[in-house]
There are 2 protein chains.
Amino acid sequence: MAKRTQGKPAGLSRRRIAAAAVDLVDREGLESFGVRRLASELGVDPMSIYNHIKGKAALLDAISEAVLTEVSAAAAQWPDDWMGIARTMARAYRDMAIRHPRISPLLATRAQTSAVALEALERLTAAMRRAGIADQAIADAPLVLFGFLNGYLLATLSGNPGGTDDPATGVAQPAFDPAPYPTLAALAPLQAGFGGEDEFERMLETVLAGIAQRAAGA
Amino acid sequence: MAKRTQGKPAGLSRRRIAAAAVDLVDREGLESFGVRRLASELGVDPMSIYNHIKGKAALLDAISEAVLTEVSAAAAQWPDDWMGIARTMARAYRDMAIRHPRISPLLATRAQTSAVALEALERLTAAMRRAGIADQAIADAPLVLFGFLNGYLLATLSGNPGGTDDPATGVAQPAFDPAPYPTLAALAPLQAGFGGEDEFERMLETVLAGIAQRAAGA
DNA sequence: GACCTATATTCTACACCGTAGGTAATACCT
DNA sequence: AGGTATTACCTACGGTGTAGAATATAGGTC
């Protein structure tokens with residue numbers, strides 16, 4: 001009966017589990033992700049994971065934390081002006097989301113209170129204060145910026161503006177009847193770069209312009 | 001053996017199922033929602049639902065569609081100017097999200113290609129064209145606006161900016177160590193109305209200002 | 001009215017899920 | 001060397017989505 005291998009160390013750790021979970025979700029998506037799939041990926045009993053992470057919800061938190069850490073690590077040095085900081089943060093955030101398109105919905109859904117997130121917000125708001133902007137405008141800015149980022153990335157990374165297109169060929173198909181929506185149909189060609197870098201930069205500048213205008217006391 | 005009641009009509013329909021699903025998610029949340037729960041709510045066998053809606057994914061689509069219809073029905077009459085239309089749409093969208101806070105994550109996550117959604121976008125973009133705005137700015141506007149709306153509502157409706165507060169008393173608790181984040185700590189009082197109407201109006205105007213500035217050819 | 005067919009409903013069954021509770025083997029500290 | 005805490009595993013329970021088959025009603029055709 002001494003067939004068991006129970007106590008033998010499997011080298012599990014919160015870090016290793018989180019890394020494997022990120023990989024697994026990247027490969028197979030959030031839908032099919034689960035404790036048991038992850039355990040079999042790690043060659044381990046499902047229950048072993050519970051010694052390091054309390055449950056599935058905590059597992060998802062660990063995934064969020066792991067990819068968020070990538071974001072703050074991305075920018076080696078930060079600009080001094082608040083707009084530069086905001087731009088750098090937004091781009092690093094988008095780069096991460098593109099690296100992990102199936103994880104980014106998690107970030108948008110779950111409240112962000114981790115240390116890395118708070119550090120980033122502290123950096124941005126401190127720079128805005130240095131620039132002499134009104135406190136209320138500063139307090140509002142992060143929610144406007146990250147609200148937009150989350151919503152925009154959610155929209156562009158999972159689906160497209162009506163219809164399926166082939167990511168390989170990049171050929172978009174309208175997939176809606178153009179007759180009742182003449183303006184949308186006319187505008188469709190301009191949405192060719194949906195989710196692309198140029199589009200992102202345009203929209204980011206649009207949002208930053210709004211924040212800047214309010215910062216200027218408009 | 002003639003105890004079965006199988007063929008007896010239960011009065012199911014796509015509409016009735018969707019309405020019950022909306023009610024159920026409103027009451028008990030998305031986490032616990034499922035085909036079986038919904039079926040027992042309707043006093044019906046789980047598989048009966050499949051005669052009207054193909055599966056769980058289609059069920060979630062039906063929920064989205066149902067609440068989206070509320071949005072377009074909300075505005076009795078629309079302004080003529082594009083900013084007025086955008087404001088009206090944004091407010092109706094927020095009202096719906098507040099009525100169904102546990103459903104709104106669904107809208108942000110799933111691509112919106114339903115007729116009601118397209119109609120709304122057609123109305124907005126047509127008004128912008130009438131105002132003589134450059135096509136690229138028009139084409140970008142909906143994604144900026146609804147990106148922000150989805151991200152903002154996601155953030156405000158499920159959780160708050162770091163820490164739990166009691167919705168009854170409305171007393172917010174920072175719940176993060178203020179020492180490493182002096183600016184955030186100083187700004188915390190200004191986030192008292194987190195998720196409130198005043199805050200929403202300020203941020204909506206911020207985003208609209210950005211769109212307007214680009215519309216003006218900046 | 002009598003028959004036939006399409007459709008709505010239910011039943012059964014399967015593979016999977018998250019996780020509570022209990023047990024064994026190792027690692028670490030004294 | 002001995003004792004304890006940690007790590008890992010096993011078993012089991014109640015839940016899930018849904019494929020497949022059985023059955024009773026509704027509606028059209030003669």
Please pick, from dT19(C), dT9(C), dA8(D), the nucleotide with the shortest atom-to-atom distance to any side-chain atom of Leu12(B).
dT9(C)

For a 4.5 angstrom cut-off between non-hydrogen side-chain atoms, does Arg123(A) reach Met89(A)?
no

Regarding dG15(D), can its base be found pairing with the side chain of Arg36(B) as donor and acceptor, where the two atoms are less than 3.5 Å apart?
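Under the 3.5 Å cut-off, the side chain and the base do not form any donor-acceptor pair.
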
Among dT18(D), dT10(C), dT19(C), find the nucleotide with the atom closest to the side chain of Ser48(B).
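Selected nucleotide: dT10(C).
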
Can you name the residues that form a side-chain contact (heavy atoms from CB on, under 4.5 Å) with Asn51(B), not counting sequence neighbours?
none

Atom CG of Asp45(A) and atom P of dT19(C): how far apart are they, to the nearest Å?
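Atom CG in Asp45(A) sits about 14 Å away from atom P in dT19(C).
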
Measure the distance from OH on Tyr50(B) to P on dA21(D) and round it to the nearest whole Å.
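Going from Tyr50(B) (OH) to dA21(D) (P), I get 17 Å.
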
Should Asp61(A) and Arg110(A) count as an ion pair when the cut-off is N to O under 4.0 Å?
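Arg110(A) and Asp61(A): salt-bridged.
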
Less than 4.0 angstrom between a side-chain N/O of His52(A) and OP1 or OP2 of dT6(D), yes or no?
no

May I have the distance from Leu59(A) (atom CG) to dT19(C) (atom C1'), rounded to whole angstrom?
13 Å

Could you tell me the separation between the CG atom of Leu60(A) and the C1' atom of dG18(C), rounded to a whole number of Å?
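Atom CG in Leu60(A) sits about 12 Å away from atom C1' in dG18(C).
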
Atom CG of Asn51(B) to atom P of dA8(C): distance rounded to whole Å?
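Rounding to the nearest Å, CG of Asn51(B) and P of dA8(C) are 6 Å apart.
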
For the pair made of CG in Leu42(B) and P in dT10(C), what is the distance, rounded to whole Å?
10 Å

On the 0 to 90° scale, with breaks at 30° and 60°, tag the Phe176(A)-Tyr181(A) ring pair as parallel, tilted or perpendicular.
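It falls in the perpendicular class, over 60°.
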
Nucleotide dT6(D), atom P - distance to CZ of Arg14(A) in whole Å
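Distance check: Arg14(A) CZ to dT6(D) P gives 17 Å.
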
Using whole Å, report how far CE of Met47(A) lies from C1' of dG22(C).
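After rounding, the reported distance stands at 13 Å.
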
